[in-house]
Number of protein chains: 2
Amino acid sequence: MSRTEFEPIVDTTRRAEIVGQLRRAILTGKLSPGQKVNELKISKEMRVSRAPLREAVRELVQDGLLTNIPYAGAYVINVVPKDIEDAYALHHVLEDFAIDLVWPLRDQRFAAELDRRHVQVKEATRALDTTRQIETALQLHSVIYEWSDNALLLDTWLRLARRLQMYFALHQQARDEPVPDVDMHEDYVRLLKGKDIAAAKQHAREHIDWNFAELVAYAESLATKRK
Amino acid sequence: MSRTEFEPIVDTTRRAEIVGQLRRAILTGKLSPGQKVNELKISKEMRVSRAPLREAVRELVQDGLLTNIPYAGAYVINVVPKDIEDAYALHHVLEDFAIDLVWPLRDQRFAAELDRRHVQVKEATRALDTTRQIETALQLHSVIYEWSDNALLLDTWLRLARRLQMYFALHQQARDEPVPDVDMHEDYVRLLKGKDIAAAKQHAREHIDWNFAELVAYAESLATKRK
DNA sequence: GTCAATCAGATTGTCGACAATCTAGCAAGA
DNA sequence: TCTTGCTAGATTGTCGACAATCTGATTGAC
């Protein structure tokens, strides 16, 4: 029996590639909220036929990043303050649950993984790469979900995370300000490795909320502009 | 301003119809876990081309009812005990959250809707229509999510509900026994209309678990059989 | 001028055919 | 006997073309 473990072969279909590109385009604001996804135009630009593109669109619709109206087209979802509030409320609940589940499962590898991703966040922050910073920060949060040993919870989180990534990206892109403090996640990581679950939960709660008000305000400004 | 409210036009694409049929087939066990979804065969049976069928499959893959392996095909998801446990754990958390949210929003129409769906469950139960009984019972549970005014939570619940519907249906189909008591949801509905939120939560928790052990045992029997 | 009917252009939905890939079975060689 | 290479058949992935539908502008009647 071989000891080496091989990675599964990566999806090598055009469809998967297209999904990736479209998702990135949405999450980085290259496709802005409300914008229509023109199949013919995009398929030409990507040099693929409409079939795999359409299948990719179905995936993103199911993902919640696009909405579809039959015979009218697919549109990037809009962002209104209520969406942000809903997402944050759900995030609180899921994070709490994930910490409960992960607490007895934490081991040395868990701590190592937390540190590894924390480093990535700090690197992206120092490099002033906001897009990557958002991405790595969410990946850091993903650790507890990945280790909570509940596939459904992880799946639910990943869906939510994509929404959050979109909100953050839009916001950052709009204000174009210096990135937040490098040590933002210091306490978060430390408490997750510690012994006080109540403190960890409490801090996670506050940590999640750090830019909540700002994001809602941004969504409101969007709504007013749209009028 | 018109006072009458019109329903949105139903999706009138073949794709939507196909999604419905496939979903029903999976949720009723017509397509059993692990079974392959042969595109050519099904498209012929449905008298449609493969294009809309494939798009429908993408949706169901994203929904979590199918898994896809490139160039190999789409398969109905398997059911293992851990899946049931994960689903129930998440259900507890979501139900708790939903009750919190819905509590201050309850009004007379909320109570009426609870009653209406409760009646449907009882009718299905009396008619010995197990499939419909499962469907209506989940729709009864959906009330609190629909009224909780959190679109993301509702979306998350609907995903979970489909998984649960599949588990229940498989189980029922396997044991082929008389359906449970007609008054099963009596307390659930009564407490949701009452004033004691703690009692409502507590009962919801127990109510959710009523057939948990049975379902896990069934999944285990499946797993052993598969060997 | 207002409103309804009509029409052209653009876009989405669907189809049938072809290309790429996988699987199972068989044959050849060590 | 086991492994390797090959082949044929089936299935999935992709393509280009056509049909159905929507949108906006134009026309014409009142």
Side-chain angles (χ1 to χ4, degrees), chain A residues 1-2 6-23 25-26 31-78 226, chain B residues 2 6-23 25-26 31-78:
Chain A
M1 200 207 292
S2 172
F6 291 99
E7 303 286 318
I9 300 298
V10 288
D11 286 357
T12 170
T13 60
R14 292 177 202 265
R15 182 182 68 242
E17 189 69 27
I18 295 171
V19 168
Q21 274 213 43
L22 281 182
R23 175 172 290 146
I26 297 170
L31 287 172
S32 38
Q35 189 173 344
K36 177 165 184 178
V37 177
N38 187 317
E39 297 176 1
L40 206 57
K41 180 168 167 291
I42 295 180
S43 68
K44 269 183 193 156
E45 288 177 8
M46 289 189 182
R47 304 273 184 78
V48 295
S49 80
R50 282 175 55 223
L53 177 68
R54 281 174 61 84
E55 293 186 13
V57 167
R58 290 310 147 243
E59 293 195 22
L60 292 172
V61 167
Q62 228 37 28
D63 233 43
L65 291 178
L66 298 177
T67 59
N68 186 268
I69 304 172
Y71 289 105
Y75 298 82
V76 180
I77 56 165
N78 267 313
R226 216 175 292 137
Chain B
S2 174
F6 291 100
E7 301 287 319
I9 300 298
V10 287
D11 286 357
T12 171
T13 61
R14 292 178 202 268
R15 182 180 70 242
E17 190 68 27
I18 296 170
V19 167
Q21 275 213 43
L22 282 181
R23 175 172 291 145
I26 297 170
L31 287 172
S32 37
Q35 190 174 345
K36 179 168 180 175
V37 176
N38 187 319
E39 296 177 2
L40 206 55
K41 180 168 166 289
I42 294 180
S43 68
K44 269 183 193 155
E45 288 177 8
M46 290 190 182
R47 304 274 184 79
V48 295
S49 79
R50 283 175 53 225
L53 177 69
R54 283 174 59 84
E55 294 185 12
V57 167
R58 288 313 145 240
E59 293 194 22
L60 293 173
V61 166
Q62 241 14 46
D63 233 42
L65 292 178
L66 299 176
T67 60
N68 185 268
I69 306 172
Y71 288 106
Y75 298 83
V76 180
I77 57 165
N78 267 314

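Each chain gets a letter, A, B and so on, in the order its sequence line appears, and its residues count up from 1.
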Practice task
Please give the angle, rounded to 10 degrees, between the axes at the start and the end of the helix from dG1(C)-dC30(D) to dA30(C)-dT1(D), where five pairs define each axis.
Solution key: 10°
Problem - Side chain proximity check, Met46(B) to Leu22(B), heavy atoms < 4.5 angstrom - result: yes
Completion exercise
Residues passing the side-chain hydrogen bond (donor to acceptor under 3.5 Å, both in side chains) test with Gln35(B), sequence neighbours excluded, are Ser32(B)
Problem - Side-chain touch Asn68(A)/Arg15(B), heavy atoms, less than 4.5 angstrom - result: yes
Exercise for the section: Treat primed atoms plus P, OP1 and OP2 as sugar-phosphate and everything else as base, then score nucleotides 11-23 of chain D 5' to 3': B for base contact with protein heavy atoms under 4.0 Å, S for sugar-phosphate contact only, - for none. Expected result: SBBBB-B---SS-
Handout entry: Pairwise side-chain contact, Ile77(A) with Leu66(A), heavy-atom cut-off 4.5 Å (strictly under)
Key = no
Practice task
Determine the minimum heavy-atom distance between Thr13(B) and Pro70(A), stating which atoms define it.
Solution key: CG2-CB, 4.0 Å
Practice task
Check whether any side-chain heavy atom of Thr67(B) sits under 4.5 Å from a side-chain heavy atom of Val61(B), and report yes or no.
Solution key: no
Problem - Glu39(B) and Arg54(B), any side-chain heavy atoms less than 4.5 Å apart - result: yes
